[in-house]
Amino acid sequence: MMGKRARALWGASAVLVMIAGGVGVAPAFAEDPPPVDWTMMPGFPVVTADGDFTVSFETGVMATPDFGDVALLNDLPLQRINVVNHTDEVRYIDFGVDVDVEGVIEPLWRGETYGDYWGSTAGAFGVRLEPGQSIADTGAFVYSGFAGLFEGVPRYGGRTVVVYELAEDPAVDPDTAATEIARAPRVPGDFVPVHFDGPTTPEGTVPVGQELSVVGPGAPDEVQLSPGVTASVTASGLPANRELELWLAPGVDYFYMTLLGGILPETAFSVGTTMTDASGELAATFTVPATAEFGTAYRLFAGTLAENYWPAGTYRSFTITQAVSSASDEVEATETEASLVLGSTTVDFSFPAGTTGMFTAATSTTGPLVDQFSLAGDPPLYYHLDYSGSFDGGAVEVCIQYDTENIPGTPPRLWHHAPEPGAAFRWVDITTSAVPGRVCGVTTSFSPFALGYRDTFDFAGFFDPVSMTEPNVAKAGQSIPVRFSLTGDQGLGVVTSARFVVAGTVLNPAGEMLDAATPGASGLTYDPATDRYTFVWKTQKAWAQKTGAFVLELSDGTTHQFAVSFKR
């Protein structure tokens, strides 16, 4: 029967199998493992007060290891522990580490430290020392490492290792008395908990740190990711106001990656950075690289590569698949239009002459979390539009022709997840025209877009010179600046219509509705300094002696009005 130590070593090899991209056999160096320059930690070696043991802690770094054909991105910090037994008796040595809570040392020889599922790991670190023997003589992997792959064991940021002498063999009595004989200083860096005593992940491994969730339309396994698709990711319980990198890695489980010191394979992709907020919440987007492999299990991690620090990661893998529908069109300098068919939807591009390059489009049910609006359609789709090339001035008009049986009734708005100068991406209503079956907008950037109905604005106003408490009297023919706020910049597509509704008469109780034009090209503007929109209303001289109301209809379907009377 395989012994506990043999099982532990096999498990360590399995870890390396996973970290190396899921190869079918335990990885090996193309040549001998690169040498590590070991340095004795300050204050070591130490001799216990009774003179029974000498304890040493050494540290080293293996620079970007290469396991066979799989290179790793980051350095692997290592440590090795040696204890020499100076007595003429058999002595038992084991270790404690703060596993789940920083500073709370848990005994590694007890099964409860690892939980029910992983309890058989208990005892894997224990060493039996004969008289005069050292750990280095026994081949135990706390000193000798993983079966020729590297010496020592990974060194984990934020953790403290304690060396104990046990009164008895813990395999016989796991509750045997333990005496601390040495303690290494806390490892510099941030602590990431390993939750051995909690429920396992959906894939049966130990949960580590905080769960990073890729957001889909329903259950986590409904996330649909393809090359070029942008999606949202969320997490909580992280350090506040902390910049974290996002990395997409194939064949790497969060627990095993952490166990191996937080190293990533060279095939991992950097997919951006993000900041946690003041409460430790993370909400970010990432885009699947065009070179991601189909049919490969990927996981996403948030942390810092240079520090081997990964406080959040996905607890389940997701597979990169072919987009449900996709199309592309390469345009020449003489062309000004391109049209891409995506199932029952067509995306039309209009652009200035001289534009050359490739327009691409794909749909998915996964995309960045939406705010301000609700997605339209069943199922609701994201349109991941992209362009590779250069514009010869001007912007691009994007029109989405949709199936009115799927989206009946009032046409939705066209939204774009657009980059903001000095800030993160955000959804912007770019609609310039909307009729049933076709919605258009203008953009200078790409991917992703969506069709949706705006939620209700937080309307405030109207402001001076319009009064909401006193009668409004104006001279017919003058221009009136109508100012209001929607609590933030909601784009310039927020006004559906503006009308002057003349007060009703006995013959026409509903009153007369007249379009409220704007003078010249003044239109609608937004001032971020005051958080106010201004619609300059050009009144008509023919309205002299008329009384009625200015009625403003917004794209959220709400209307707002004020009474006004015109004099000559």
Side-chain angles (χ1 to χ4, degrees), residues 1-15 18 55 79 81 83 90-129 135 138 140-143 146 153-184 186-187 190-211 237 253-262 310-313 315-316:
M1 180 178 292
M2 184 184 294
K4 289 184 178 179
R5 182 174 178 275
R7 286 199 301 270
L9 288 174
W10 181 88
S13 295
V15 167
M18 289 199 167
V55 182
Q79 69 178 9
I81 308 169
V83 179
V90 173
R91 310 296 281 267
Y92 295 94
I93 302 296
D94 218 309
F95 305 89
V97 181
D98 40 358
V99 175
D100 195 8
V101 179
E102 186 173 6
V104 178
I105 306 299
E106 299 187 54
L108 298 184
W109 60 91
R110 291 179 180 165
E112 58 264 28
T113 296
Y114 306 92
D116 294 339
Y117 188 80
W118 295 86
S120 61
T121 304
F125 294 91
V127 183
R128 179 182 179 204
L129 292 181
I135 290 180
T138 68
F141 63 85
V142 292
Y143 183 89
F146 290 109
V153 293
R155 192 166 184 237
Y156 308 106
R159 285 187 158 77
T160 301
V161 178
V162 179
V163 183
Y164 293 93
E165 183 198 1
L166 306 184
E168 300 289 341
D169 183 350
V172 176
D173 180 11
D175 294 323
T176 184
T179 302
E180 179 179 332
I181 61 173
R183 176 180 296 236
R186 175 187 176 278
V187 179
D190 294 291
F191 180 86
V192 177
V194 179
H195 312 293
F196 276 108
D197 56 352
T200 58
T201 69
E203 296 180 348
T205 57
V206 174
V208 175
Q210 302 299 327
E211 182 174 11
D253 180 87
Y254 192 7
F255 168 67
Y256 291 114
M257 184 265 279
T258 302
L259 187 64
L260 260 294
W310 307 105
Y315 281 5
R316 67 169 70 230

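Here the structure is a predicted model, which is why all the values come from computation and not from measurement.
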Completion exercise
Closest non-hydrogen atoms of Val55 and Ala182, given as atom of the first, atom of the second and distance, are CG1-CB, 3.7 Å

Practice task
Kindly write out the residues that satisfy salt bridge (Lys or Arg N to Asp or Glu O under 4.0 Å) with Arg155, not counting sequence neighbours, or none if the list is empty.
Solution key: none

Practice task
List in chain and number order the residues that pass side chain to side chain donor-acceptor pair (under 3.5 Å) with Glu106, two or more places apart in sequence or in another chain; answer none if no residue qualifies.
Solution key: none

Only pairs under 3.5 Å count here: list side-chain donor-acceptor contacts from residues 168-179, not counting sequence neighbours, and write none if there are none.
from, atom 1, to, atom 2, distance (Å)
Asp169, OD1, Ala171, N, 2.9
Asp173, OD1, Asp175, N, 3.1
Thr176, OG1, Glu168, N, 2.9

Completion exercise
Heavy atoms of Val127 and Ala140 approach each other most closely as CG2-CB, 3.8 Å

Problem - Side chain proximity check, Val161 to Gln79, heavy atoms < 4.5 angstrom - result: yes

Problem - Thr113 (side chain) donor-acceptor with Pro107 (main chain) under 3.5 angstrom - result: yes

Problem - Partner set under ring-ring contact (aromatic ring centres under 6.0 Å, His included) for Tyr315, not counting sequence neighbours - result: none

Exercise for the section: Determine, using ring centers only, whether Tyr164 and Tyr92 are less than 6.0 Å apart. Expected result: no

Handout entry: Under the salt bridge (Lys or Arg N to Asp or Glu O under 4.0 Å) test, residues paired with Glu211 that sit two or more places apart
Key = none

Practice task
Quick one: do Val208 and Met257 satisfy side chain to side chain contact (heavy atoms under 4.5 Å, CB included)? Show the steps, please.
Solution key: CA-CA 10 Å; Val208 175; Met257 184 265 279; over 6 Å; no

Exercise for the section: Name all residues meeting the side chain to side chain donor-acceptor pair (under 3.5 Å) criterion together with Arg159; count only those two or more places apart in sequence or in a different chain, and write none if there are none. Expected result: none

Exercise for the section: Please report the closest heavy-atom contact between Asp98 and Val101, naming both atoms and the distance. Expected result: CB-O, 3.3 Å

Exercise for the section: Quick one: list whatever passes ring-ring contact (aromatic ring centres under 6.0 Å, His included) with Tyr156, sequence neighbours left out. Expected result: none

Exercise for the section: Apply side chain to side chain contact (heavy atoms under 4.5 Å, CB included) to Val142 and Phe125, showing your working. Expected result: CA-CA 7 Å; Val142 292; Phe125 294 91; 3.9 Å; yes

Problem - Steps toward side chain to side chain contact (heavy atoms under 4.5 Å, CB included) verdict (Ile81, Val163) - result: CA-CA 9 Å; Ile81 308 169; Val163 183; 4.3 Å; yes

Problem - Exam field: side chain Tyr256 to backbone Thr205, donor-acceptor pair closer than 3.5 Å - result: no

Exercise for the section: Let me see the working for Arg128 and Val90 under side chain to side chain contact (heavy atoms under 4.5 Å, CB included), right down to the final yes or no. Expected result: CA-CA 7 Å; Arg128 179 182 179 204; Val90 173; 3.1 Å; yes

Problem - Phe196: partners by side chain to side chain contact (heavy atoms under 4.5 Å, CB included), with sequence neighbours left out - result: Val99, Tyr114, Trp118, Val194, Val206, Phe255

Exercise for the section: Using the test side chain to side chain contact (heavy atoms under 4.5 Å, CB included), find all partners of Arg183 that sit at least two apart in sequence or belong to another chain. Expected result: Ile105, Thr160, Val162, Glu180

Exercise for the section: Can you see which heavy atom on Pro202 is nearest to which on Arg316, and at what distance? Expected result: CG-NH2, 3.3 Å

Exercise for the section: Return the minimal non-hydrogen interatomic distance between Pro193 and Asp100, and the atom names on each side. Expected result: CB-O, 3.2 Å

